[in-house]
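So the structure is just underneath, and the comments pick up after that.
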2 protein chains.
Amino acid sequence: MLKKERHAFIIKQINLHNKVLSADLATALNVSEDTIRRDLMELDDSRQIVKVHGGALSKSFHYPFQHTDIYAVDAKKAIARKAIGLIKSGMMVLTGGGTTVLEMMQALPQNLAVTVFTISPLVALQLADHPLVTVILIGGEFSKDSQVCVGSQVVNYLHEIKFDICFLGTNGISIADGVTDSDLNIVHLKKAMINASNRLVIMCISEKLNSVQRMNVCPLAKVDYLITDLDPDNQVLDDYREKGIQLY
Amino acid sequence: MLKKERHAFIIKQINLHNKVLSADLATALNVSEDTIRRDLMELDDSRQIVKVHGGALSKSFHYPFQHTDIYAVDAKKAIARKAIGLIKSGMMVLTGGGTTVLEMMQALPQNLAVTVFTISPLVALQLADHPLVTVILIGGEFSKDSQVCVGSQVVNYLHEIKFDICFLGTNGISIADGVTDSDLNIVHLKKAMINASNRLVIMCISEKLNSVQRMNVCPLAKVDYLITDLDPDNQVLDDYREKGIQLY
DNA sequence: TATTACTATGCGGTTTTATGCAGGATTCAC
DNA sequence: GTGAATCCTGCATAAAACCGCATAGTAATA
């Protein structure tokens with residue numbers, strides 16, 4: 001059998017079953033696993049499949065949703081870069097949804113071994129191709145607006161675990177009212193997430209600083225770190241620094 | 001024998017078998033392999049065949065594989081259309097992951113008000129812009145291979161609820177072995193999902209019919225409906241019909 | 001017919017490719 | 001952790017491809 005034929009067969013199998021195991025292919029095609037491994041390598045190199053330990057996965061299955069445009073990407077990327085510095089290997093990390101968190105997870109170094117709990121399916125999918133991260137998706141009613149899981153199920157779940165650190169984006173933060181949000185479900189959720197974590201990181205693009213939403217999430221006293229796209233010494237942040245919040 | 005005759009012979013062989021080996025041709029035509037190689041070169045240069053190491057392939061063989069984004073989309077769309085007919089407003093629906101389910105959810109009529117429980121973040125996101133559907137994402141460890149939530153958390157959750165109908169894609173179904181799959185986690189999961197539902201719908205593109213995977217999910221007796229892209233009267237399905245499975 | 005010019009073919013030697021195998025390292029799953 | 005599966009690296013080998021060259025065949029023409 002010619003190599004190209006094997007390749008065609010492999011691709012067909014992957015399209016059929018979304019994944020293949022090297023061992024299966026080796027017996028099916030009656031060649032050594034080394035050969036299969038080399039085949040998968042080549043198909044991976046030519047971007048036709050995604051090679052993983054033990055076999056390969058369909059590419060189309062892996063990335064069906066194209067990432068839509070994100071507002072203020074550069075600012076969020078800057079925030080993401082700083083936020084990653086707070087994560088150490090072995091941590092139990094809790095994250096909300098939001099594009100800033102998404103940016104952060106995309107930029108997560110490949111050698112970081114952490115367990116990420118998240119209420120956001122997008123975050124889970126984003127982390128799917130990270131080699132060392134274990135992802136636990138916290139289930140519940142899926143909120144169409146905010147694209148995260150909400151509701152009592154999530155809140156109850158959060159009562160049972162204690163996390164090292166929690167990363168949240170926010171819609172409003174101000175000296176007077178602390179962290180605020182506009183969606184009741186999200187507020188419940190964030191309160192539970194904050195209570196479940198030893199440390200709280202709020203990520204906020206400078207545009208949203210000092211804005212107030214309808215409902216209270218938590219006072220500034222509970223915020224351990226505030227990460228913005230500004231220089232941490234920027235005087236806009238002076239008031240927050242005085243409150244004892246670590247700025248990045 | 002003239003060169004032209006050889007070329008004609010080679011083309012004929014390739015049309016017949018989709019491939020030829022240089023060595024075979026050399027003995028069949030009683031010329032040296034070098035000559036054959038030169039012949040194949042010329043035919044390749046004139047775009048009549050595709051030369052590869054060891055022989056040559058039909059042109060159609062090489063081409064179509066760049067273009068497959070999602071495999072067998074049309075078949076899956078056909079299945080999705082039929083599957084939707086089984087859903088009525090007010091139902092509690094349980095779904096697995098997989099591209100067929102995804103197609104189905106994409107095609108879900110806007111006036112259908114159902115509650116969809118799913119282990120697939122992709123399904124949840126797909127349903128996010130549906131006006132009437134309530135989505136419950138069942139949380140757990142996120143499997144990077146299969147892009148769904150797996151593990152004991154999910155299985156436990158499924159023990160507590162009874163669903164009206166469960167839609168599953170499958171990697172293998174056959175008369176002898178019933179529904180089969182290749183991933184242990186997925187097998188556990190599917191078993192729990194099947195037990196949690198009053199009715200089970202298996203969706204399977206015809207190419208996968210009568211294929212067997214490593215591990216058993218459930219016997220055919222548990223399958224209430226089998227939906228394929230074939231006409232339900234197709235004789236390929238006769239055996240399944242005799243087992244008392246409803247075909248669509 | 002003989003000459004010439006050109007193409008096609010085969011052959012020997014070399015290089016490249018494909019594949020399998022052994023071992024040790026790595027990773028995974030329980 | 002620990003054992004099993006998987007992967008990587010280097011190596012060996014055989015098949016295939018390549019290269020240059022000699023020669024056989026072909027065709028056109030004087």
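Chain naming here is simple, since letters A, B, ... match the order of the sequence lines and numbering starts at 1 in each.
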message = In the structure I gave you, are the side-chain heavy atoms of A/D39 and A/H7 within less than 4.5 Å of one another anywhere?
response = yes
query = Are A/L200 and A/L168 side-chain neighbours, meaning at least one heavy-atom pair lies under 4.5 Å?
reply = yes
inquiry  = Once you measure the plane-to-plane angle for B/F117 and B/F163, does it fall in the parallel (<30°), tilted (30-60°) or perpendicular (>60°) bin?
reply    = perpendicular
request  = Find the distance B/L29:CG to C/dT9:P and express it as a whole number of Å.
outcome  = 11 Å
key: Between C1' of C/dG10 and CG of B/L25, the distance in whole Å   = 17 Å
key: Sugar-phosphate only, base, or nothing, as touched by B/L40 at under 4.0 Å among non-hydrogen atoms   = nothing
Would you tabulate the nitrogen or oxygen pairs shorter than 3.5 Å linking the protein to nucleotides 3-10 of chain D?
from: D/dT6; atom 1: O3'; to: A/G54; atom 2: N; distance (Å): 3.1
from: D/dC7; atom 1: OP1; to: A/K51; atom 2: NZ; distance (Å): 3.1
from: D/dC7; atom 1: OP1; to: A/G54; atom 2: N; distance (Å): 2.3
from: D/dC7; atom 1: OP2; to: A/R37; atom 2: NE; distance (Å): 3.0
from: D/dC7; atom 1: OP2; to: A/R37; atom 2: NH2; distance (Å): 3.4

How about [X] and [Y]: does a side-chain donor come under 3.5 Å of a side-chain acceptor?
X: B/T228; Y: B/S206; value: no
X: B/K76; Y: B/T100; value: no
X: B/K162; Y: B/S197; value: no

ask   = Do any side-chain nitrogens or oxygens of A/S32 fall under 4.0 Å of OP1 or OP2 in C/dT19?
value = no
key: 5' precedence on DNA chain C between A/R6 and B/N30 (nearest-nucleotide basis)   = B/N30
key: Exceeds 12 heavy-atom contacts within 6.0 angstrom, atom CG of A/D45   = yes
inquiry  = Do the side chains of A/R199 and A/D224 get close enough for a salt bridge, i.e. N-O under 4.0 angstrom?
reply    = no
What are the atom names and distances for every N/O pair under 3.5 Å that joins the protein to nucleotides 22-25 of chain D?
none

